[in-house]
Novice: 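Mind having a look at this structure? Questions to follow.
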Amino acid sequence: VCSSDLFGNETIYKFGTCGIPIGEEIICEIRDNEGNIVPENVEGTLWVKRPGNAICYHNNIEKTRSAFVGQWYNTGDRFIKDSQGFYKFVGRANDMARISGNWVSPVEVEIVVNTHPAVKEAAAVIKPNKETSINQIEVYITLNYEVDPKRLEYEIKRLVRSKLEM
C-alpha cells in the first residue's frame, strides 16, 4: 500500500517510515479505537480503502465484522502519520501491552533496551496475562559485561520509562 522509494524518486523517501500511499486510488487513515481519524503524529490503527480490498475472511464471520467496514479494511497495524504524510509502523494492535496507561509495542521497548551500555542484544516479546487479559512485555537480554541483575533491572525500567515517556 505504501512505498518509500517508488520508481527511485528520492523526494518520497524518509528513513524509518513505510513511506506514503501509492497512487490516488489508495486511501489510508489512522484511526483511534472508536474509528475516529486521529491528528498527525498521533498513534492509531491503519485503515485502508482501495479497489483491490478483499471483502471478508473465509469462514470467519467475527474477524470479518471487525476488519471490514463498508469499503474500509482495518489492518490491525498501529501506525503514526507525520506532517509530511509518511507512515511509521509502530506494531500490531494485538501485539501491544498497556504500561502506565500507554499502549506500547515490544519493538519500541526492544529498541530502547538495546541502547543500554550493558546490553549486547535484547529481544522483547508479548506475554499474555490470562488473569487480567492485558498483555505484558517480557525482555530477554544478552550482556556485554557482568552486572548486578537488580541494578540492571532498575536501570532498564528507568530507561524505558524515560524514553517512552511513561
Novice: Among residues at least two apart in sequence or on other chains, which ones pass side chain to side chain donor-acceptor pair (under 3.5 Å) with E62?
Specialist: R65
Novice: By the ring-ring contact (aromatic ring centres under 6.0 Å, His included) test, which pairs, at least two apart or in different chains, include something from residues 129-163?
Specialist: none
Novice: Report the C-alpha separation of V48 and T75 in whole Å, then their side-chain angles, then the decisive distance to 0.1 Å, and conclude whether the side chain to side chain contact (heavy atoms under 4.5 Å, CB included) test is met.
Specialist: CA-CA 7 Å; V48 178; T75 66; 3.8 Å; yes
Novice: Can you list everything that forms a side chain to side chain contact (heavy atoms under 4.5 Å, CB included) with A67? Sequence neighbours excluded, please.
Specialist: Y57, Y73
Novice: Quick one: name the residues clustered hydrophobically with W72, using the 4.5 Å side-chain heavy-atom rule over I, L, V, M, F, W, Y, and just say none if it's on its own.
Specialist: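 W72 clusters with I27, W47, V69.
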Novice: What residues, two or more places apart in sequence or in another chain, satisfy side chain to side chain contact (heavy atoms under 4.5 Å, CB included) together with Q84?
Specialist: K14, D82, F86
Novice: What pairs with K88 under side chain to side chain donor-acceptor pair (under 3.5 Å), at least two apart in sequence or on another chain?
Specialist: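 Applying side chain to side chain donor-acceptor pair (under 3.5 Å) to K88 gives none.
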Novice: Tell me, which pairs form a salt bridge (charged side-chain N to carboxylate O under 4.0 Å, His left out) where one or both residues lie in residues 32-48, sequence neighbours left out?
Specialist: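 Listed by first then second residue: E43-R78.
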Novice: Report yes if some heavy atom in the side chain of I30 is under 4.5 Å from a heavy atom in the side chain of L46; otherwise report no.
Specialist: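 Touching, per the 4.5 Å side-chain cut-off.
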Novice: Nearest 0.5 Å, what's the CG-CD distance between N36 and E29?
Specialist: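 Those atoms lie 10.5 Å apart.
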Novice: For E110, give me all partners under salt bridge (Lys or Arg N to Asp or Glu O under 4.0 Å), at least two apart in sequence or on another chain.
Specialist: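 So E110 forms no salt bridge (Lys or Arg N to Asp or Glu O under 4.0 Å) with any residue.
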Novice: Could you pull out all residues at least two apart from K127 that satisfy side chain to side chain donor-acceptor pair (under 3.5 Å)?
Specialist: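 K127 satisfies side chain to side chain donor-acceptor pair (under 3.5 Å) with E138 once adjacent residues are dropped.
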Novice: How close do S105 and V90 get, counting heavy atoms only, and between which atoms?
Specialist: OG-O, 3.0 Å
Novice: Can you list the residues that meet the salt bridge (Lys or Arg N to Asp or Glu O under 4.0 Å) rule with R151, with sequence neighbours excluded?
Specialist: E155
Novice: Only counting residues at least two apart or in another chain, list the ones meeting side chain to side chain donor-acceptor pair (under 3.5 Å) with E108.
Specialist: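 E108 satisfies side chain to side chain donor-acceptor pair (under 3.5 Å) with no other residue.
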Novice: For K49, which residues count as a salt bridge (Lys or Arg N to Asp or Glu O under 4.0 Å) partner, sequence neighbours excluded?
Specialist: none
Novice: Which heavy atom in L159 sits nearest to a heavy atom in V112, and how many Å separate them?
Specialist: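 Looks like CD2-O, 3.5 Å.
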